[in-house]
A.B. asks: 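Structure below; questions to follow.
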2 protein chains.
Amino acid sequence: MPAAKTKKLPPSEGGLCCGSLTETPLADGEANELARVLGALADPVRLRLLSLVASQVEVCSCDLEVPLSRSQPTISHHTKVLVEAGLLVGEKRGRWMWWRVEPDRLAAIRKALGG
Amino acid sequence: MPAAKTKKLPPSEGGLCCGSLTETPLADGEANELARVLGALADPVRLRLLSLVASQVEVCSCDLEVPLSRSQPTISHHTKVLVEAGLLVGEKRGRWMWWRVEPDRLAAIRKALGG
DNA sequence: ACTAGGTATCGACATCTGTCAATGTATCAG
DNA sequence: CTGATACATTGACAGATGTCGATACCTAGT
């Protein structure tokens with residue numbers, strides 16, 4: 001998107017309010033926000049990461065490298081993207097980062113998609 | 001995705017079966033397929049295109065350029081992406097292409113997302 | 001047949017994205 | 001303090017993506 005300025009909003013700024021796609025034409029801002037979050041989901045590795053975390057309530061980064069077959073920096077990159085989209089939450093305990101999913105956020109996306 | 005081979009499967013090949021993200025860890029193939037479809041949705045112009053068509057049942061390409069502020073080739077590109085994702089269906093009548101959305105496909109995505 | 005209008009395709013371009021090696025930072029064990 | 005461990009950040013690179021102008025393809029009218 002040569003013209004658009006994503007700007008990497010903080011996780012809090014997760015509008016995603018209002019009605020669904022199928023009801024009324026999406027406003028420009030709503031479309032941008034929804035596209036941003038869907039973009040975070042539109043990657044096989046991130047989808048599998050998310051489902052791995054969801055299936056175990058909490059997972060640390062170190063346990064993701066092997067099942068996802070990606071290097072440590074790449075895992076770190078993907079968790080960051082998911083956090084910025086509001087889909088993942090991390091908590092540092094000792095040396096480990098523990099991740100869990102944000103089910104409300106997924107629900108909001110489903111709703112925006114016509115749920 | 002340097003390694004992955006999207007391959008641009010025909011619209012029919014739209015698996016997207018099985019359970020949701022949040023239940024069991026996504027298999028590799030399922031993750032690829034879901035990411036492919038979500039990628040088609042992860043664009044503000046395509047989201048607005050889809051919602052424009054949905055709000056009017058049927059729309060021809062010529063009526064999309066102005067509201068979406070994009071050139072005719074760009075509109076054509078986006079409709080193609082949405083068709084390949086199984087989200088849009090087109091029918092040529094005379095000189096015009098008439099588009100409508102595939103609600104079942106959207107529903108399948110919501111379900112895959114934990115609906 | 002010729003022309004005009006609606007779409008699709010092609011080529012080019014700038015930007016975005018996923019990936020890893022190298023390096024930096026924080027925390028724990030001894 | 002020292003070394004090891006878990007994670008984040010940086011830099012670089014190849015490949016994907018969104019965009020448009022130019023052009024080709026189809027269909028309808030004349």
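Letters go in sequence order (proteins before strands), and every chain restarts at 1. Everything quoted here is computed from the prediction, not taken from an experiment.
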A.B. asks: When you measure from the side chain of A:R46 to the backbone N and O of A:G39, does any donor-acceptor pair fall under 3.5 Å?
C.D. replies: yes
A.B. asks: Verify, without hydrogens or angle tests, whether A:R100 (side chain) and A:E91 (backbone) share a donor-acceptor contact under 3.5 angstrom.
C.D. replies: no
A.B. asks: Is any side-chain heavy atom of A:V81 closer than 4.5 Å to one of A:H77?
C.D. replies: yes
A.B. asks: Can you tell me how far P of D:dG18 sits from CZ of B:R48, to the nearest Å?
C.D. replies: 15 Å
A.B. asks: Provide, to the nearest angstrom, the distance between the CG atom belonging to B:L41 and the C1' atom belonging to D:dT17.
C.D. replies: 16 Å
A.B. asks: Would you tell me if any nitrogen or oxygen in the side chain of B:H78 comes within less than 4.0 Å of OP1 or OP2 on D:dT17?
C.D. replies: no
A.B. asks: So A:R93, base contact, sugar-phosphate only, or nothing? Heavy-atom distance under 4.0 Å.
C.D. replies: nothing
A.B. asks: Give the rounded distance in Å between these two atoms: CG of B:L47 and P of D:dT17.
C.D. replies: 16 Å
A.B. asks: Atom CG of A:L38 and atom C1' of D:dT17: how far apart are they, to the nearest Å?
C.D. replies: 16 Å
A.B. asks: Under 4.0 Å between a side-chain N or O of A:R70 and OP1 or OP2 of C:dT19?
C.D. replies: yes
A.B. asks: Indicate yes or no for a side-chain donor-acceptor contact from A:R93 to the backbone of A:W98 under 3.5 Å, with no hydrogens or angles considered.
C.D. replies: no
A.B. asks: Could you run down nucleotides 5-12 of chain C 5' to 3' and tag each one B, S or - for protein heavy-atom contact under 4.0 Å?
C.D. replies: SSBBB---
A.B. asks: Less than 4.5 Å apart, side chain to side chain, heavy atoms only: is that true for B:L41 and A:L34?
C.D. replies: no
